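Quick caveat: nothing in here was measured; it's all calculated off a predicted structure. Chain letters run A, B, ... following the sequence lines, proteins first, then strands; residues in each count from 1.
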Number of protein chains: 2
Amino acid sequence: MLAFITRTFVLKRRAPCYVCQSGITEQSILAKAKRILKWQRDPEGMRLRILEAAKQEFASYGLAGARVDRIAAAAGANKRMLYYHVGNKEDLYLEVLEGAYEKIRAEERTLDLEHLDPPDAIARLVDFTWNYFLRNPEFLALLNTENLAKAKHLKRSTKVKSMHSPFVEMIRTVVTRGVESGDFRAAVDPVQLYISIAALAFFYLSNSATLSVIFGRDLLKKDARDERLEHMIALVLAALTGKSTAVFVRAKMPALMSVEHQVV
Amino acid sequence: MLAFITRTFVLKRRAPCYVCQSGITEQSILAKAKRILKWQRDPEGMRLRILEAAKQEFASYGLAGARVDRIAAAAGANKRMLYYHVGNKEDLYLEVLEGAYEKIRAEERTLDLEHLDPPDAIARLVDFTWNYFLRNPEFLALLNTENLAKAKHLKRSTKVKSMHSPFVEMIRTVVTRGVESGDFRAAVDPVQLYISIAALAFFYLSNSATLSVIFGRDLLKKDARDERLEHMIALVLAALTGKSTAVFVRAKMPALMSVEHQVV
DNA sequence: AAGGAAATTAACCCGTTGGATAAATACTGT
DNA sequence: ACAGTATTTATCCAACGGGTTAATTTCCTT
């Protein structure tokens, strides 16, 4: 059945056929097929499929490398639909980027670190950040793409600028609580601290391809990932509390409790 | 004089003129002009100019966004020369990438951390890494580009794979010395440690554009850069030695001695 | 049931871009 | 001085890729 649809599809197009090249998913074929037999409208769904497809495409190839035709094909849509529903390539890209920021900040808000012991709160933040990056590799790629463009699009965005300060404040309160309770040796700039936490996870994952080649070991296999998480938590907590933990004391330790599956 | 040469040049070309668009430097114009009056061969020089121009181009726009014409123009060369001297776009890119790795590993070799106190050695390594990234922003961009391609090109490269293990060993000896001398509390995996050090610097600089927008402060101004270097050194040393330093004790401290101008 | 608006499709347009060709010019050894 | 080779130039082109135009189909309202 699927084969039949695909064939009908492909044959229907002129050469050279963009669809054949890539970007087509079983999902999108079925979605499109359903709408072809007796096609029905679905503006919201279409819009969502386009944005999702665009996210994958931009994350895989960057802004310049992304192909509008592939996005359309992967969304089970016609190229014209992109322009109808969203706008040109850059508008589409910006919308994807804004969505990505919204998503991570939204999940962070559910962490509520306020009710945890300061060291636990920090450990949880590191753990969350790590697993979020691991679960959403496109996010990393999108940020890199935007930085290559020197944040040109982000600067234009009105949505994005306001949504980050609450998060910084959340960290700031954790730090001051930690200092007051004596858990932390001294106050750190929360922005500086968050950048460091993000850095430790981001760089490792975003650059895992080249690092794996250079150092001759697979940095993404299960063991390596677990080890990295331990290392990061130990590094940050040791610096904050002055007490030695985990990796800095012994070579291995059992896996930490992870929020990987707790946060949706 | 320069104006005259430029004009002559531009007029000589057909429309649309690639040269006008961008990528042309005073240097390249003069280099080319000299060779035009009575042009002379300079294969090595040409090759170098092409590679340098390509590095800037790939760093600015990524692999897909880079334009062969702009590279040629910036090198004061004809587009045909790229193919004659190097090969196609991807070959050119790989050569640039290999050159970038060679350069940083070569500078790292001059650090000779062996003769320093372990904590000083680590501080110096952080300081060097930070300033190298600061001085060579193209390096960061190239790595990001290569990671977007999942290290496809690097894997093909024979040169690059061998050149990194000496560096890891250098770090390993520093760590073991530190543990033996009692300066460090426990042994750390040198690869893990290096990735963390690189991460702290790399992420901050590579993502400075988006981070500056998000947090509403210019992360690249002098004060911010100094503060970041202090923070990184303090973070790493505190974790290794267990003693509090710098940022974790007081809000500000005078700038550390920097190797910025020592290493060529 | 019918008219109009919203959504979707097919087909085309045209500047760009990586790459190719062949001719011209400078250098090298003999 | 001359033949042969290395380097450089001018010109061209086929494929690509973002974007557009116009026609077609479904849905909503009355």
* To do: Compare all side-chain heavy atoms of A:Glu57 with those of A:Tyr93 and state whether any distance is below 4.5 angstrom.
  => no
* To do: Keeping the roles fixed (side chain from B:Arg105, backbone from B:Met163), state whether a donor-acceptor pair exists under 3.5 Å.
  => no
* Asked: Over how many whole Å does the gap from A:Met46 atom CE to D:dT26 atom P extend?
  -> 15 Å
* Asked: Out of D:dT9, C:dT17, C:dG19, which has the shortest distance to the side chain of B:Met81?
  -> D:dT9
* Taking only the side-chain nitrogens and oxygens of A:His85, find out if one of them lies under 4.0 Å from OP1 or OP2 of C:dT8. => yes
* Structure fact -> A:Ile71 atom CD1 is separated from D:dG18 atom P, nearest whole Å, by 8 Å
* Would you mind classifying the nucleic acid contact of B:Ala66 as base, sugar-phosphate or nothing, using non-hydrogen atoms under 4.0 angstrom? => sugar-phosphate
* What's the NZ-C1' distance between B:Lys89 and C:dG18, to the nearest Å? -> 8 Å
* Asked: Crowded around A:Lys161 NZ? As in, over 12 foreign heavy atoms under 6.0 Å?
  -> yes
Using the 3.5 Å cut-off, write out each protein N or O paired with an N or O of nucleotides 20-22 of chain D and the distance between them.
{"residue": "D:dT21", "atom": "O4", "partner": "A:Arg80", "partner atom": "NE", "Å": "2.9"}

* Asked: How many Å lie between CZ on B:Arg49 and P on D:dT8, as a whole number?
  -> 8 Å
* To do: Quickly work out the A:Glu57 CD to D:dG17 P distance and round it to whole Å.
  => 10 Å
* To do: Grab the CD-P distance between A:Glu44 and C:dA6 for me, whole Å please.
  => 14 Å
* Can you tell me the distance, in whole Å, between the CG atom of A:Asp69 and the P atom of C:dA10? => 14 Å
* Asked: Under 6.0 Å between the ring centres of A:Phe167 and A:Tyr194?
  -> yes
* Pick from A:Phe133, A:Phe203, A:Phe202, A:Tyr204: which one makes a ring pair (Phe, Tyr, Trp, His ring centres under 6.0 Å) with B:Phe203? -> A:Phe202
* Structure fact -> Taken to the nearest whole Å, CZ/A:Arg70 to P/D:dG17 is 7 Å
* Partner residues of B:Lys155 under the salt bridge (Lys or Arg N to Asp or Glu O under 4.0 Å) criterion, sequence neighbours left out -> none
* Under 4.5 Å between any side-chain heavy atoms of A:Ile197 and A:Met232, yes or no? -> no
* Among D:dT8, C:dG19, C:dA7, the nucleotide that comes nearest once only the side chain of B:Tyr84 is considered -> D:dT8
